[in-house]
A.B. asks: 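Here it is: the structure, laid out below.
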Amino acid sequence: MPKRTKIKDLLNATEFGQQVTVMGWVKTFRNNQFIAINDGSGINNIQAVVDFNNTDESLLKRITTGAAVSVTGELVESLGKGQRVEIKVQDLEILGDSDPEKFPLQPKKHSLEFLREIAHLRFRTNTFNAVFKVRHALAFAVHKFFNDQGFVYMHTPVITGSDAEGAGEMFRVSTIDFDNIPRNDDGTVNYKEDFFGKPTNLTVSGQLEGELAAMAFGDIYTFGPTFRAENSNTTRHLAEFWMIEPEMAFYDLDDNMDLAEKLLKYVIKYALDNCSDEIEFLSSRLVEEEKQKPQNERSELNLIDKLKFCLENDFERLTYTEAIDILKSSKPNQKKQFKYLIDDWGADLQSEHERYLVEKHFKKPVILTNYPAEIKAFYMRQNEPDEHGRKTVRAMDILFPGIGEIVGGSQREERLEKLEQRMHEMHVPAEELSWYLDTRRFGSAPHAGFGLGFERLVLFVTGMTNIRDVIPFPRTPKNAEF
RNA sequence: UCCUGAGUAGCUCAGCCGGUUAGAGCAUCUGACUGUUAAUCAGAGGGUCGCUGGUUCGAGCCCAGCCUCAGGAGCCA
């Protein structure tokens, strides 16, 4: 096989006349002579020009959308408008045919819903090519950010033996034969017969294990798949998703917020710097899509400006209590336009409230802190009750426009007694988490961490609106295809 | 899980008050043209109207149940 050159490099070439070979997939074949070829190296295609008078007709017939081809010829300045360079084909080989009667992708606009049904082929579209390039860049940037600051990448277990993590419904992991379930005398399932000799599940969070590592390495992070068996059918939930969870010793809540904001800005900037073609494509795609919406539903900023705005401005930081005050006196609350009206301190914020704060009031990312203890997890550090006796914890949620909660984190409760008392109140079995409590028994230290939903980040940076379109093969209720 | 909407050709969609042979654009195929940019022009083929049952002389259309998808809500990242 001849050595191939990547199309992205050829499109930037300044030397003409050289003989080159490209291999890729046919996007369109126009006028019986112009092949648009893409090899995935970039979003832009190269045009290969066939001399159809001197090419076998049966070969020309096989140049169809989706076919894999190898093209060798001279790299020349394009004679036509619309592209700078093109290849004058001397040799053309079909590597893999694509029956045009059956290949579902055609050079036309397809709906995202249809492409979701053919997720195994949607990589070949411009949109998904761009989305997954950006996804890659963001993933790489996350590792680079942490590595450059001396964080240790920790692989926490995917299969977990504790069901006390308290972050939602879990998927059971078992080798038990469902048609022949081993039972105890009292009729309950005998898990001693199961693979691990006890009930096990897929992880819903690596945080608790992450904290163990942070108590030795100082700064660690995890970045791996996470599983939630919630029956959620929304544009921002998946049953299998990827989460980034840093955990830092000797950090308080402010340090935690600083790190999260810095991380988000770093990875967004990295994507802008390294995927400019892709983000530009996604930005204009979004403009096209929004043309169909009424004026008042369109975004004020295009995607690129929105990302830049996010980089250039500080995230708004305020406490839950301050947020409640703003919401209480807000127009939609006074005019009773909220479905859930804000009247008392202590209620959890609904997504309509979060959206109001982020999209209407501040018009930028918002970090909410110090939530009521009642509505947050047991491991969050307890504040002293305020003058009204209201109990809060050092939690922080970062809310992004159009996405909602993208980060959830907290300073952790490092005081053993306070932690045990809270676990008791919230019915968390302390015996099962004895290993976790050991961190508080031996050399406990102030520490903090957060979870960043990776797909929600990809949503924000690509401007896509459905989370099923930013992960290659989405797992959602009633859907585990491919 | 709840609320709302949708399911008609490979894709995107139209289909009147229940009435004869279910339409269009794109794609595909055939031919023409040949520096095109989702090429263009002419012609052709292509349908289990989501599934099951019911009402009716007659159902794509009405009714019931189910399935799937989308949007919103809850749960959360």
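Sequence lines set the chain letters: A, B, ... in the order given, protein chains first and strands last, and positions in each chain run from 1.
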A.B. asks: Please state how far atom CG in A:Asp99 lies from atom P in B:rA27, giving the value in whole angstrom units.
C.D. replies: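 Interatomic distance, CG of A:Asp99 to P of B:rA27: 17 Å.
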A.B. asks: Between the protein and nucleotides 44-48 of chain B, list every N/O to N/O distance that falls short of 3.5 Å.
C.D. replies:
none

A.B. asks: Is a side-chain N or O of A:Ser283 found less than 3.5 angstrom from the main chain of A:Ile279, in a donor-acceptor match?
C.D. replies: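 No, A:Ser283 side chain to A:Ile279 backbone: no donor-acceptor pair under 3.5 Å.
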A.B. asks: From the set B:rU1, B:rG31, B:rC29, return the single nucleotide nearest to any side-chain atom of A:Asn231.
C.D. replies: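 Shortest atom-to-atom distance from the side chain points to B:rU1.
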A.B. asks: Please tell me which of A:Pro477 and A:Glu352 maps to the more 5' nucleotide of RNA chain B, matching each residue to the nucleotide holding its nearest heavy atom.
C.D. replies: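 This one resolves to A:Pro477.
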A.B. asks: In the structure shown, which nucleotide is the Watson-Crick or G-U wobble counterpart of B:rA44, with both distances under 3.5 Å?
C.D. replies: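 Answer to the pairing question: B:rU28, which forms a Watson-Crick or G-U pair with B:rA44.
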A.B. asks: Could you state the CZ-C1' distance from A:Phe103 to B:rA38, rounded to the nearest angstrom?
C.D. replies: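 That distance rounds to 15 Å.
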A.B. asks: With both distances under 3.5 angstrom, what nucleotide forms a Watson-Crick or G-U wobble pair with B:rC62?
C.D. replies: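 Pairing partner: B:rG54.
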A.B. asks: A:Ile467 has a side chain; which of B:rA77, B:rA70, B:rU12 sits nearest to it?
C.D. replies: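 From the listed options, B:rA77 comes nearest.
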A.B. asks: Should B:rA6 form a Watson-Crick or G-U wobble pair with both distances under 3.5 Å, which nucleotide is its partner?
C.D. replies: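 Result: B:rU68.
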A.B. asks: Measuring from A:Arg394:CZ to A:Arg412:CZ, what's the distance to the nearest 0.5 Å?
C.D. replies: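 Reported value, rounded in 0.5 Å steps: 13.5 Å.
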A.B. asks: Would you say A:Asn38's side chain and A:Gly40's backbone share a donor-acceptor pair under 3.5 angstrom?
C.D. replies: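 Yes: the side chain of A:Asn38 pairs with the backbone of A:Gly40.
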A.B. asks: Taking any heavy-atom pair under 4.0 Å as a contact, classify A:Thr226: base, sugar-phosphate, or nothing.
C.D. replies: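 It contacts nothing in the nucleic acid.
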A.B. asks: Mind checking the P distance from B:rC3 to B:rA59? Whole angstroms is fine.
C.D. replies: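 Rounded to whole Å, the distance is 31 Å.
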A.B. asks: In whole angstroms, how far is the C1' atom of B:rG74 from the CG atom of A:Leu349?
C.D. replies: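 In whole Å, B:rG74 C1' lies 15 Å from A:Leu349 CG.
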A.B. asks: Whole angstrom is fine here: how far is it from CD in A:Gln33 over to C1' in B:rU40?
C.D. replies: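 Between C1' of B:rU40 and CD of A:Gln33: 13 Å.
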A.B. asks: With no angle test and no hydrogens, is the base of B:rU1 tied to the side chain of A:Asn233 by a donor-acceptor pair under 3.5 Å?
C.D. replies: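 Result: at least one qualifying N/O pair found.
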A.B. asks: Which nucleotide, if any, forms a Watson-Crick or G-U wobble pair with B:rA39, using both distances under 3.5 Å?
C.D. replies: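 Across any shown strand, B:rA39 pairs with none.
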A.B. asks: In this structure, how many angstroms lie between the C1' atom of B:rA70 and the NZ atom of A:Lys478, rounded?
C.D. replies: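 Taking NZ of A:Lys478 and C1' of B:rA70, I get 17 Å after rounding.
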A.B. asks: So does A:Glu113 reach the base of B:rU68 with its side chain, donor to acceptor, closer than 3.5 Å?
C.D. replies: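 Absent.
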A.B. asks: Please report the interatomic distance CG(A:Leu253) to OG(A:Ser410), rounded to the nearest 0.5 Å.
C.D. replies: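 Between A:Leu253 CG and A:Ser410 OG, I get 8.0 Å after rounding to 0.5 Å.
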A.B. asks: To the nearest 0.5 Å, how far apart are OG1 in A:Thr65 and NZ in A:Lys27?
C.D. replies: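 One gets 9.5 Å once the value is rounded to the nearest 0.5 Å.
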A.B. asks: What integer distance in Å separates A:Arg30:CZ from B:rA27:P?
C.D. replies: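 Value for this atom pair: 13 Å.
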A.B. asks: Can you tell me how far the CZ atom of A:Arg468 sits from the CG atom of A:Leu115, to the nearest 0.5 Å?
C.D. replies: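 It is 14.5 Å, given to the nearest 0.5 Å.
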A.B. asks: Can you find a side chain N or O atom of A:Thr28 that sits less than 4.0 Å from OP1 or OP2 on B:rA39?
C.D. replies: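 For B:rA39, OP1 or OP2 has a side-chain N or O of A:Thr28 closer than 4.0 Å.
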A.B. asks: What orientation do A:Phe473 and A:Phe123 show, parallel under 30°, tilted 30 to 60°, or perpendicular over 60°?
C.D. replies: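 Ring orientation, 0 to 90° scale: perpendicular.
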A.B. asks: State whether A:Ser351 places a side-chain N or O below 4.0 Å from either non-bridging phosphate oxygen (OP1 or OP2) of B:rG74.
C.D. replies: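 So the side chain of A:Ser351 is within the cut-off, an N or O lying under 4.0 Å from OP1 or OP2 of B:rG74.
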A.B. asks: Strictly under 6.0 Å, is that where the ring centroids of A:Phe454 and A:Phe241 end up?
C.D. replies: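 Aromatic pair excluded; centres sit 6.0 Å or further apart.
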A.B. asks: Between A:Asn479 and A:Tyr340, name the one whose nearest nucleotide on RNA chain B is closer to the 5' end.
C.D. replies: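 The residue closer to the strand's 5' end, by nearest nucleotide, is A:Asn479.
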A.B. asks: To the nearest Å, give me how far apart CZ (A:Arg236) and C1' (B:rG74) are.
C.D. replies: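 So the two atoms are 9 Å apart, to the nearest Å.
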A.B. asks: Considering only heavy atoms and no angle criterion, is a donor-acceptor pair shorter than 3.5 Å present between the side chain of A:Arg468 and the base of B:rC69?
C.D. replies: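 Counting by modelled atom types and ignoring angles, no donor-acceptor contact under 3.5 Å is found here.
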A.B. asks: Looking only at N and O atoms, is any donor in the side chain of A:His110 or the base of B:rC11 less than 3.5 Å from an acceptor on the other one?
C.D. replies: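 Check fails, no donor-acceptor contact within cut-off.
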A.B. asks: Mind calculating the distance between CG (A:Asn466) and C1' (B:rG72) to the nearest angstrom?
C.D. replies: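 Taking CG of A:Asn466 and C1' of B:rG72, I get 13 Å after rounding.
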A.B. asks: Considering just the side-chain nitrogens and oxygens of A:Gln350, establish if one lies under 4.0 Å of OP1 or OP2 belonging to B:rG74.
C.D. replies: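 Yes, A:Gln350 has a side-chain N/O under 4.0 Å of OP1/OP2 on B:rG74.
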A.B. asks: Stacking check: are the rings of A:Phe34 and B:rA39 less than 5.5 Å apart at their centres and under 30 degrees in tilt?
C.D. replies: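 A:Phe34 vs B:rA39: stacking no.
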A.B. asks: Which nucleotide, in any strand shown, forms a Watson-Crick or G-U wobble pair with B:rC49, with both distances under 3.5 Å?
C.D. replies: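 Base-paired to nothing in any strand shown.
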A.B. asks: Near A:Glu425 CD, under 6.0 Å, is it more than 12 heavy atoms from other residues, nucleotides or ligands?
C.D. replies: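 Yes.
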A.B. asks: Measure distances between side-chain N and O atoms of A:Gln47 and base N and O atoms of B:rU36, and say whether any donor-acceptor pair falls under 3.5 Å.
C.D. replies: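 Under the 3.5 Å cut-off, the side chain and the base do form a donor-acceptor pair.
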A.B. asks: Looking only at N and O atoms, is any donor in the side chain of A:Ser232 or the base of B:rC75 less than 3.5 Å from an acceptor on the other one?
C.D. replies: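 Check passes, donor-acceptor contact within cut-off.
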A.B. asks: Determine which nucleotide pairs with B:rA22, using a 3.5 Å limit on both distances of a Watson-Crick or G-U wobble pair.
C.D. replies: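 Check on B:rA22: unpaired, no WC or wobble geometry under 3.5 Å.
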A.B. asks: Mind checking who B:rC76 pairs with, Watson-Crick or G-U wobble, both distances under 3.5 Å?
C.D. replies: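 None - no nucleotide pairs with B:rC76, as no candidate has both distances under 3.5 Å.
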A.B. asks: Look at the aromatic rings of A:Tyr270 and A:Phe140 and report parallel, tilted or perpendicular, splitting at 30° and 60°.
C.D. replies: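 Correct class here is tilted.
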